[in-house]
There are 2 protein chains.
Amino acid sequence: MTARTSSENAREIPEATVARLPVYLRALVTLADDGIPTCSSEELATAAGVNSAKLRKDLSYLGSYGTRGVGYDVDYLRYQIAREIGVTKDWPVVIVGIGNLGHALANYSGFRSRGFQVVALLDADPAQHGEIVAGVEVQPFDRLEEIVAAADVAIGVIATPAAAAQSVADRMVGCGITSILNFAPSVLAVPDGVDVRKVDLSLELQILAYHEQRKSQTGALLADGGAA
Amino acid sequence: MTARTSSENAREIPEATVARLPVYLRALVTLADDGIPTCSSEELATAAGVNSAKLRKDLSYLGSYGTRGVGYDVDYLRYQIAREIGVTKDWPVVIVGIGNLGHALANYSGFRSRGFQVVALLDADPAQHGEIVAGVEVQPFDRLEEIVAAADVAIGVIATPAAAAQSVADRMVGCGITSILNFAPSVLAVPDGVDVRKVDLSLELQILAYHEQRKSQTGALLADGGAA
DNA sequence: TTCATTTTGTTCTCGCGTTCACAAACTCCT
DNA sequence: AGGAGTTTGTGAACGCGAGAACAAAATGAA
């Protein structure tokens, strides 16, 4: 992340807090949908699956949007968090690599409903071109620069095989994209000022497997011990 | 996590380290594929995208598998990490919810190549039943208990809409699954001893959007100053 | 008005994770 | 054999985040 001087902006929100804001936002949307007008930090924390002290501390970085003795106005807080994250208006997004995962991402309604609009689907394979996925036509990867410039795209999603990911990232960076969400299982090298977040599906399973293995090992040890 | 006495098992690997082991494993596999027999901590760290001091400390939790003055034997270290994670043999996995994302997950080759075998695809919607995805037939969700018992499944993947996720999780826990990978955007409540990891696609984009928004804000300020 | 009650916002402490820095140990060359 | 050069493994310092605890502020009742 770009480490700027803290004096430049009074509100330096910790990264851990930033990562939880979308969770709070989602919980608030759910509460609003249920017609609940206000909530306490305890209620919101439960809905978001966190500690209430942590929630209050996180929200305090944004400002004082609650009322002591009362709680938070759901709609008001929701707007404030959405504004802080920057999803009060839609962000244009391009997805590169329209394989199985790319299809799923293009069809994922959560993007659209949470402030992101897929403006283009790109793939290097000519066999994919012309297909309409979720109302958007798959186009040649070479049109990347043109599309990014036209729609002023800042966020790119990489859903290609690992081998292609770095060259796709280079092209993205080259045409002005400064945020990349990478689903390919590879480490991307990008210049300073470009943010990369990585989602690795099998990595998560491997972490689960580690704990699972320990569970069964400990169980076996305890079984022997108990037999004595 | 079950907090056991540290005397019970000498190797208490920190969670942050566990999360990086799969990254190192992947880097080692790549090196091995390239025919590289040994590597230094510096080289491996670069390949994995981390600091070399952190890498060495992480590996030190597993044991002393390197040689001072030389480095690490790629194949040997790879096996040791794989053994530690528990992916030397395949883990059976069930996927529930065969929509767009479920299809992509079922077809994702990375699972198979990294120690996981999808033994069943389940969906509550009868319209999906009978379809063959990646060589596996989609079956009714009601067969969950039967399948889990038959294949001794410990890991379940939830790719349903948010509304169904909690009830799916309850059923999974009920039939003995103790590790859940949740792709639905909802907070799951599970008993102690059950591990849940959550992957939230739009959450990652929202985090990027936050930083992106700050860049453009700061960028506007800096635009006067200097565009280095 | 004044007091009791509720709930936020913030201070403080503790523990974990990251990073630096260096001693230990191994290889290779002379 | 001995010394120079590498590279690992680890002790120590540091900084960040989590959680407890409390003061400040708002409401409502007497």
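Quick caveat: nothing in here was measured; it's all calculated off a predicted structure. Only this structure's heavy atoms are used, side chains among them; waters, hydrogens and symmetry mates stay out. Letters A, B, ... are given to chains in the order of the sequence lines, protein chains preceding strands, and every chain is numbered from 1.
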Given side chains that start at C-beta, do those of B:Arg197 and B:Asn182 come closer than 4.5 Å, heavy atoms only? no
Respond yes when some side-chain nitrogen or oxygen of A:Ser40 is under 4.0 Å from OP1 or OP2 of C:dT7, and no when none is. no
Check the phosphate of C:dG9 against A:Tyr72, side-chain N and O only, distance under 4.0 Å to OP1 or OP2. Yes or no? yes
Produce the list of close N/O pairs, under 3.5 Å, pairing protein atoms with atoms of nucleotides 23-30 of chain D; give distances to one decimal.
residue : atom : partner : partner atom : Å
D:dA24  : N3   : A:Arg68 : NH1          : 2.7

Side-chain ion pair, B:Asp195 and A:Lys215, N-O less than 4.0 Å: yes
Rounding to 10 degrees, work out the angle separating the end axes of the helix from C:dT1-D:dA30 to C:dT30-D:dA1 (five pairs an end). 0°
Scan residues 43-59 of chain A against DNA chain C and write down, sorted by residue number, each residue with any heavy atom closer than 4.0 Å; if none is found, say none. A:Arg56, A:Lys57
Within this structure, what is the CD-to-C1' distance between B:Glu42 and D:dT6, rounded to whole angstrom? 12 Å
When you compare the side chain of B:Leu181 with that of B:Val199, does any pair of heavy atoms fall below 4.5 Å? yes
Scan side-chain atoms only and decide if B:Arg26 and A:Ser202 contain a donor-acceptor pair under the 3.5 Å cut-off. yes
Separation of D:dT7 atom C1' from B:Leu77 atom CG, nearest Å, is 15 Å
Would you mind reporting whether A:Pro92 and A:Val153 have side-chain heavy atoms less than 4.5 Å apart? yes
When rounded to whole Å, the CG to P distance for the pair B:Leu62 and D:dG9 reads 10 Å
If I take atom CG in residue A:Leu21 and atom C1' in nucleotide D:dG17, what distance separates them, rounded to the nearest angstrom? 15 Å
Whether B:Arg112 and B:Asp90 form a salt bridge (side-chain N of Lys/Arg under 4.0 Å from carboxylate O of Asp/Glu) is what I want to check. yes
If the threshold is 4.0 Å, N to carboxylate O, is there a salt bridge linking B:Glu15 and B:Arg20? no
Would you check if A:Thr88 and A:Tyr79 make a side-chain contact, meaning some heavy-atom pair closer than 4.5 Å? yes
Any side-chain heavy atom of B:Val148 within less than 4.5 Å of one from B:Cys175? yes
Between B:Val187 and A:Ala48, the two heavy atoms sitting closest are CG2-O, 3.6 Å
Once rounded to the nearest 0.5 Å, what's the spacing between atom CD1 of A:Ile158 and atom CG of A:Leu188? 5.0 Å
